[in-house]
Every structure is written in structure tokens, then in C-alpha cells.
Amino acid sequence: MALRHYTLDFSLSAAVDPATAVPDLLSIFHEQEMTETVHDTDGHGYLATLVGKNGRLVILRVHTHGLVTIDLQCYEQDNISQLDNLLNALEKKLKALLNGNITRIKRLPALIRGAKVDRYWPTADGRLIEYDIDRVVYEADSAYQNIKILHSQQFGNILVLNGDVNLAESDLAYTQAIMGSGNVSYAGKEVLILGGGDGGILAEVVKQKPKMITMVEIDQKVIDGCKVHMRKTCGNILDNLKGDCYQILVEDCVPVLKKYVEKGKMFDYVINDLTAIPISTEPEEDTMWEFLRLILDLSIKVLHPSGKYFTQGNSVNLTEALTLYEEQLGKLSCPVDFSKEVVCVPSYLELWVFYTIWKK
């Protein structure tokens, strides 16, 4: 059972006296058979909770600095028309009571809390996005992460790993950007993909007839979910772990990279689709930065002198994190140079930075 949470805010040009405004408002709640309990605010405005027989809960607050807030909570299956009528009546009454004193009215769509299908996911820079998700099509817990594939009417199926939106079937722009945005040819080349369990990069690179692609993905359950539920992204490429010009290694990429370094194995292109760069240098993020430096260093070591390394960065709004990442590029065992591109990834609902890195 889920809850619907409505909010109605009135910003005022001057503070209002609750003794004159509140009684007329309470009459509207009484018509809905709701009873109020007034709470002591120690002189900080007026606060009342109102409860109805059907489980509806209203929090009415008149703030001393000139703000009136109304929060209405009800069960999801409650009569939506009645709720709209109640909110409309409250808005109309407040406009009449506070005529000339209202500078702004804000009424938000209902927030659905506790639903079986979670529609709310944060952007990288901490904004809450409500998606048009209507069902969960796949969910599994692996040894490494929680895996969900959710269906969006707008974006198709969306892969979500540990609560982080990774890729939707609409996000060809992401795949193209992390492959170099059409500025390189993979024909006849040796390619290494790190991560990429959704199969999108592999499927696109195969189309260019490379010499060989090696994809290293640690989580078989990601592959299992995507090959069934992300076929608009991966096609049939994940149906087999080997093909004419590709192989998928279900392994940790670090020992694989170290083995390639020891053997002198080289690649024309390395595509890192493992993780976005950390957003801070707080202690809990230190191990992530160390991991990314390790991947970078090993990848550059297996890159041909004329080769290129492609990777995602993070949200364009996270300028400090991106700067920190670029500083790491100056600490590698081999000097490198880089360029970056900003791309709009549809399901991210934000601009995303991608890097191209090469040996100097």
C-alpha cells in the first residue's frame, strides 16, 4: 500500500495572524469530517494536524515569517477527485483570506511514497527525478550489487545498479559518446571493453568489424538480465560469450589487465564503462579514487602508442569532481593528454562528460 503526499505553499509579503486566517480554513476540513489537534510551537507560528476517518492526514502550518504550508497525506487508492476538490477549496479560501498578501502559490504533483515500483531516482548532482516507471521487469542481487531493470514508457527499459541509473534503451547517445562520437574507426582494430555488461558498446563496436573485442564484465547476473530485457540496446550480442570477432570474459578486470601488462598485450582502443568518477575526496571515496587510478594506469600500459582510451566522467555540474579526475591524469606512470565532450544522455536528464585520453 502506497501513500500520496500533496503539498500546497503560499508565500506572503507579510506575516499573517493565525487567529484570523485559521478558523475559516478549519471549516473546510470539518466539512471533510476531519478533526484537528493544535500543537504548541512556543511562539513560532501555528501548527495543527487534522485526521480524517479514512486515514487522511493534513499538517497545517502558518509560519511567523510569512509562509503558509499545507501537507496532505492519504492512501493511494483514495478518491482523487475529492482530494483535488479539497485542495482547490483550500487554495480558493486562502486567496480570499489573504487577498493582496500572496506573492507566490506553489502546488506540486503528489509524491507517491512506499509504492512497490519506485519512480524516484537522484541525479549525480543530487536532484530528485521522478521517472514514468510503471513496472520492475528484472531484479537480482549478485555478489557485487543490486540489479534492477525498470520499464519507463518514455525511455524503455532502464538498468539500475545499486540505485544508480546506468543506461536506458533510449541512451544510444551515451554509447556513441563513450566510443568516441564517430571520430574513430574500429574496423580491423583490437578493442578492450571494461565493464559494459548491458552489451550496448559491444553491439555497436561489432558493427564496425573489428579484428577482436575483449569485453571484461565481472557480473554474470547483469549480463543475464540485459540479454533478456535490454535487447533494444544489446540485440543478440550477449546470447553467446564468444563470437566471430569478440569474447566476453566474466572476470574481475584488474587481474586481467595485470596479466595483459605482463604479457605485453596491446590494444588499439580501451573503453572503460566501469563506473562514473567519484563526486568527492571524502574518506569513504578514497578507495574509489585508488581504483580508478589503478584502472587508468593499467589501461594506458596496454594501449598502443597511437591508441585511445575512452571513458565516462560524471555530471557536467560536478565541476570539482571533474577537476579532481583531470588532476589524476597527471599522476599516471605514462604522460597523457585528453579531450572531453559534453553529451545529453536522455534517461539521465542531465548533461554528462566523456573523456578521450591518449599517450603524449
Side-chain angles (χ1 to χ4, degrees), residues 167 172-218 237 242-277 289-314 322 325-343 352-360:
L167 192 78
L172 181 60
Y174 176 98
T175 303
Q176 292 175 333
I178 205 169
M179 289 173 55
S181 295
N183 294 320
V184 299
S185 171
Y186 290 89
K189 303 297 185 180
E190 288 270 1
V191 184
L192 176 63
I193 301 172
L194 306 177
D198 54 75
I201 298 170
L202 179 61
E204 291 301 313
V205 176
V206 163
K207 293 176 183 178
Q208 296 195 31
K209 302 186 184 305
K211 180 180 179 181
M212 175 56 68
I213 310 166
T214 300
M215 178 176 126
V216 188
E217 165 61 51
I218 197 171
I237 201 71
K242 287 188 178 182
D244 292 340
C245 64
Y246 74 89
Q247 60 175 340
I248 301 172
L249 307 179
V250 184
E251 299 182 40
D252 182 343
C253 71
V254 172
V256 173
L257 280 167
K258 288 180 177 179
K259 180 182 68 176
Y260 289 157
V261 171
E262 291 173 2
K263 292 184 175 181
K265 174 73 173 175
M266 304 291 279
F267 295 89
D268 298 292
Y269 299 111
V270 178
I271 304 174
N272 178 356
D273 194 32
L274 292 171
T275 183
I277 67 172
W289 279 109
E290 291 171 5
F291 172 73
L292 287 181
R293 282 194 296 268
L294 176 62
I295 296 297
L296 265 167
D297 212 39
L298 291 172
S299 297
I300 296 301
K301 287 178 180 178
V302 301
L303 193 65
H304 274 302
S306 60
K308 290 184 178 179
Y309 172 92
F310 301 107
T311 187
Q312 62 163 320
N314 211 313
L322 295 169
Y325 178 75
E326 291 166 17
E327 290 175 359
Q328 308 307 311
L329 300 181
K331 301 177 182 179
L332 303 180
S333 58
C334 174
V336 299
D337 209 343
F338 69 92
S339 64
K340 56 186 175 181
E341 178 185 17
V342 176
V343 173
W352 209 252
V353 178
F354 294 84
Y355 286 91
T356 301
I357 301 168
W358 59 91
K359 295 178 180 178
K360 286 186 177 179

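We number each residue from 1, following the sequence as shown. The basis for the numbers below is simple: all heavy atoms, side chains too, and nothing from hydrogens, waters or symmetry mates.
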Requested in this report: Only pairs at least two apart or in different chains count here, so list each side chain to side chain donor-acceptor pair (under 3.5 Å) that has a residue in residues 304-313.
Outcome: Y174-Q312, N272-Y309, Q312-W352

Query raised in the report: Taking only residues two or more places apart in sequence, or in another chain, which ones meet Y260 in a side chain to side chain donor-acceptor pair (under 3.5 Å)?
Result: none

Report task. Return the minimal non-hydrogen interatomic distance between G200 and T175, and the atom names on each side. Result -> O-CG2, 3.6 Å

Query raised in the report: Is there a side-chain contact between Y325 and N314, using heavy atoms and a 4.5 Å cut-off?
Result: no

Query raised in the report: Can you tell if the side chain of V216 reaches within under 4.5 Å of the side chain of L257, non-hydrogen atoms only?
Result: no

Report summary line: Residue set satisfying side-chain contact (heavy atoms from CB on, under 4.5 Å) with E327, at least two apart, ordered chain then number -> T323, L324

Query raised in the report: Is the backbone N or O of I213 less than 3.5 Å from a side-chain atom of Y186, with the two atoms forming a donor-acceptor pair by type?
Result: no

Query - Candidate pair V261 and V302, rule side chain to side chain contact (heavy atoms under 4.5 Å, CB included), full reasoning - result: CA-CA 6 Å; V261 171; V302 301; 3.6 Å; yes

**Report entry** Sole candidate of I271, V254, D273, V270 that passes side chain to side chain contact (heavy atoms under 4.5 Å, CB included) when paired with L194
**Finding:** V270

Query - Where at least one partner belongs to residues 177-205, residue pairs that pass salt bridge (Lys or Arg N to Asp or Glu O under 4.0 Å), sequence neighbours excluded - result: E190-K265, E204-K207

**Report entry** Test item: I237 and Y246 side chains (from C-beta on) under 4.5 Å apart, heavy atoms
**Finding:** yes

**Report entry** Contact list for residues 329-342, test side chain to side chain donor-acceptor pair (under 3.5 Å), sequence neighbours left out
**Finding:** S181-E341, D297-S333, E326-K340

Report task. Could you list the residues that satisfy side chain to side chain donor-acceptor pair (under 3.5 Å) with T214, not counting sequence neighbours? Result -> Q247

**Report entry** Pairs satisfying salt bridge (Lys or Arg N to Asp or Glu O under 4.0 Å), at least one member in residues 246-259, at least two apart
**Finding:** none

Report task. Evaluate the side-chain proximity of C245 to V206: yes if any heavy-atom separation is below 4.5 Å, no if none is. Result -> yes

